[in-house]
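Below, chain A is the first sequence line, B the second, and so on; all start at residue 1. Model, not experiment: these values are computed from the prediction.
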Number of protein chains: 2
Amino acid sequence: MQDGKRRTNKERSETTRAALLEAARRLFIEHSYAGTGTPELVAAAEVTRGALYHHFADKQALFRAVVEAESRTVAEEIERAAPEDLPPLDALIQGGEAFLAAMAVPGRTRLLLIDAPAVLGRRELDAIDALHGGRTLREGLDAAMRMNALRALPLDATAQLLGAAYDRAALAIEGGADPAAWRVVLKALIDGLAAAPA
Amino acid sequence: MQDGKRRTNKERSETTRAALLEAARRLFIEHSYAGTGTPELVAAAEVTRGALYHHFADKQALFRAVVEAESRTVAEEIERAAPEDLPPLDALIQGGEAFLAAMAVPGRTRLLLIDAPAVLGRRELDAIDALHGGRTLREGLDAAMRMNALRALPLDATAQLLGAAYDRAALAIEGGADPAAWRVVLKALIDGLAAAPA
DNA sequence: CAAGAAACATACAGTCTGTACGCAGAAACT
DNA sequence: AGTTTCTGCGTACAGACTGTATGTTTCTTG
């Protein structure tokens, strides 16, 4: 009892924080935010509610941390798949493809696209998204517009509208829809924004 | 106590049901679904919790009824503004305009676009939407495609993706964004789907 | 008008959230 | 090393909420 248990405070904190985040991610994805109680959550993490409320202000703060981490993961997966040296329009399609692949991880759509806006509010979710997932799309659009591959349009609005379309596609695909049809329409939307030859 | 209170059962039911629905709509819009407790709700409706659970299976069922009613109202406002005799593309833009106007009613975006998917699930919300709001867009797209004003694309996916874009636009506008920029991009998206002259 | 049903009202049990307080181990200080 | 302070965490508690069960009143029906 006194050998393997000699840990520094930082170690203790990081261990329980990680356990909480992992359990929270699993349960929020499995049963949704509202459907997961803190007693069940801390049991899964093998800590107590005291530890939870020591590390996070409330249940919502824990959820926010989970969403931020998941959002960052998605952004990383997209950037890892981004080839950089493609024509701008193809790069957008590729990035979109990577997004859909990343969102195919079970439960991610509900966590990031359904629960997160309701729990955190769209305002705060936009702030998170601006740092991670949405940023990649925005950068891609900006590059495409600068290279005159896309019509000049308000960047923010365009990024958000295209992002919303991709979000819905991810939801539909997770819901069992035929991915091919959705890809076709997404490509048509992007092609439609291409610079007019006139 | 026995004069003005002689009412048939149907009258009683309809009165309290209406009171519940109206109070629920107000409070769900003001404080969100999770932020509105049934005690507060029934107090606002001037009935008791017993009446609530007599008319609705649970809080979620009441919420569903509110969402259905609000969704129907939005659809009606859109159809009232639909001029029928416009060129298909203009009709789409007009319908979209009517949608944005309808969604400008304070709180509607959170009720229908944020809370509803989280509380009812996207599956069930799609079913409601197919009867009301989403149906109008789908019909408009179908007409436009039949008249060769739009490229032939999978109808369901196209309707959902455009719908998602309009939803996001409504959210952004309620959030204080400049409506003009968003209208420009929405129009660009639709124009981009127009039948290629080739 | 009596009997049954419908529309409520009230009381209760279970669960959840956030907070207050207490304790043990680590860190800081001398 | 010893003492003090602080951090991390466990436990107990108060308040609120949801859904149910049961009682009461008002209508309906034969």
Side-chain angles (χ1 to χ4, degrees), chain A residues 1-24 26-28 30-67 115 118-121, chain B residues 1-24 26-28 30-67 115 118-121:
Chain A
M1 280 289 208
Q2 65 250 53
D3 193 8
K5 290 214 168 183
R6 194 75 184 187
R7 294 184 307 168
T8 174
N9 266 351
K10 197 192 292 184
E11 284 170 344
R12 287 215 297 170
S13 282
E14 285 174 3
T15 306
T16 64
R17 245 188 98 93
L20 280 169
L21 285 172
E22 191 208 314
R26 247 195 40 228
L27 293 175
F28 287 155
E30 271 179 42
H31 308 126
S32 87
Y33 175 79
T36 304
T38 53
E40 180 188 3
L41 212 161
V42 298
E46 296 184 75
V47 300
T48 65
R49 279 170 31 85
L52 196 171
Y53 283 93
H54 177 71
H55 285 282
F56 299 93
D58 51 16
K59 188 182 163 191
Q60 183 178 328
L62 172 57
F63 180 77
R64 171 166 35 243
V66 170
V67 166
D115 275 355
V119 175
L120 304 178
Chain B
M1 280 287 209
Q2 64 252 55
D3 193 8
K5 290 215 170 184
R6 194 77 184 184
R7 295 182 306 166
T8 175
N9 265 351
K10 198 192 291 185
E11 285 170 343
R12 288 216 297 170
S13 282
E14 284 173 5
T15 306
T16 65
R17 246 188 98 93
L20 280 168
L21 285 172
E22 191 208 313
R26 246 196 40 228
L27 293 175
F28 287 155
E30 271 181 42
H31 308 125
S32 86
Y33 175 79
T36 304
T38 52
E40 181 188 3
L41 212 160
V42 297
E46 297 184 74
V47 300
T48 65
R49 277 168 35 82
L52 195 171
Y53 282 94
H54 178 71
H55 284 282
F56 299 93
D58 51 15
K59 189 182 162 190
Q60 183 178 327
L62 171 59
F63 180 76
R64 171 166 35 242
V66 170
V67 166
D115 275 356
V119 175
L120 304 178

Quiz prompt | Basic-acidic side-chain contact under 4.0 Å: A/Arg26, A/Glu30 | solution = yes
Quiz item: A/Arg12 has an atom CZ; how far is it from atom C1' of C/dA27, in whole Å?
Solution: 12 Å
Practice problem: Between D/dC17, C/dA7, D/dG10, spot the one nearest the side chain of A/Ala51, thanks. | Solution: D/dG10
Quiz item: Mapping B/Lys10 and B/Gln60 onto DNA chain D by nearest heavy atom, which one lands closer to the 5' end?
Solution: B/Gln60
Practice problem: Classify the angle between the aromatic ring planes of B/Phe63 and B/Phe28 as parallel (below 30°), tilted (30 to 60°) or perpendicular (above 60°). | Solution: perpendicular
Quiz item: Taking the side chain of A/His55 as its heavy atoms from C-beta onward, which of D/dC9, D/dG19, C/dT17 lies nearest to it?
Solution: D/dC9
Quiz item: What's the CZ-P distance between B/Arg49 and D/dT18, to the nearest Å?
Solution: 6 Å
Quiz item: Going from CG on A/Leu52 to NE2 on A/His54, what distance comes out if it is rounded to the nearest 0.5 angstrom?
Solution: 11.5 Å
Quiz prompt | Distance in angstrom units between A/Leu62 CG and C/dT17 P, rounded | solution = 11 Å
Quiz prompt | Working for side chain to side chain contact (heavy atoms under 4.5 Å, CB included), residues B/Thr48 and B/Val42 | solution = CA-CA 5 Å; B/Thr48 65; B/Val42 297; 5.7 Å; no
Self-check item: Interatomic distance where CD belongs to B/Glu14 and P belongs to C/dA6 [whole Å]
Solution: 16 Å
Quiz prompt | Side-chain N or O of B/Thr16 closer than 4.0 Å to phosphate OP1/OP2 of C/dC8 | solution = yes
Practice problem: Could you state the atom-to-atom distance from NZ of A/Lys59 to P of C/dG18 in whole Å? | Solution: 8 Å
Practice problem: Send over the distance from B/Arg7 CZ to C/dA6 P, rounded to a whole Å. | Solution: 18 Å
Self-check item: N or O in side chain of A/Thr38 less than 4.0 angstrom from C/dC16 OP1/OP2
Solution: no
Quiz item: When you measure from the side chain of A/Thr8 to the backbone N and O of A/Glu11, does any donor-acceptor pair fall under 3.5 Å?
Solution: no
Quiz item: At under 4.0 Å, does any side-chain N or O of B/His54 touch on OP1 or OP2 of C/dC8?
Solution: no
Quiz prompt | Integer-rounded Å distance: C/dG22 P and A/Tyr53 OH | solution = 21 Å
Quiz item: To the nearest Å, how far apart are A/Phe56 CZ and C/dT17 P?
Solution: 15 Å
Quiz item: Where the side chain of B/Asn9 is concerned, which of C/dA6, D/dC9, C/dT19 is the nearest nucleotide?
Solution: C/dA6
Exercise. Considering just the side-chain nitrogens and oxygens of A/Thr48, establish if one lies under 4.0 Å of OP1 or OP2 belonging to D/dC9.
Key: no
Exercise. Report the nucleotide, chosen from D/dC9, C/dA7, D/dG19, that has the shortest atom-to-atom distance to any side-chain atom of A/Ser13.
Key: D/dC9
Exercise. Let me know, please, whether A/Gly50 or A/Thr36 comes out on the 5' side of the other along DNA chain C by nearest nucleotide.
Key: A/Thr36
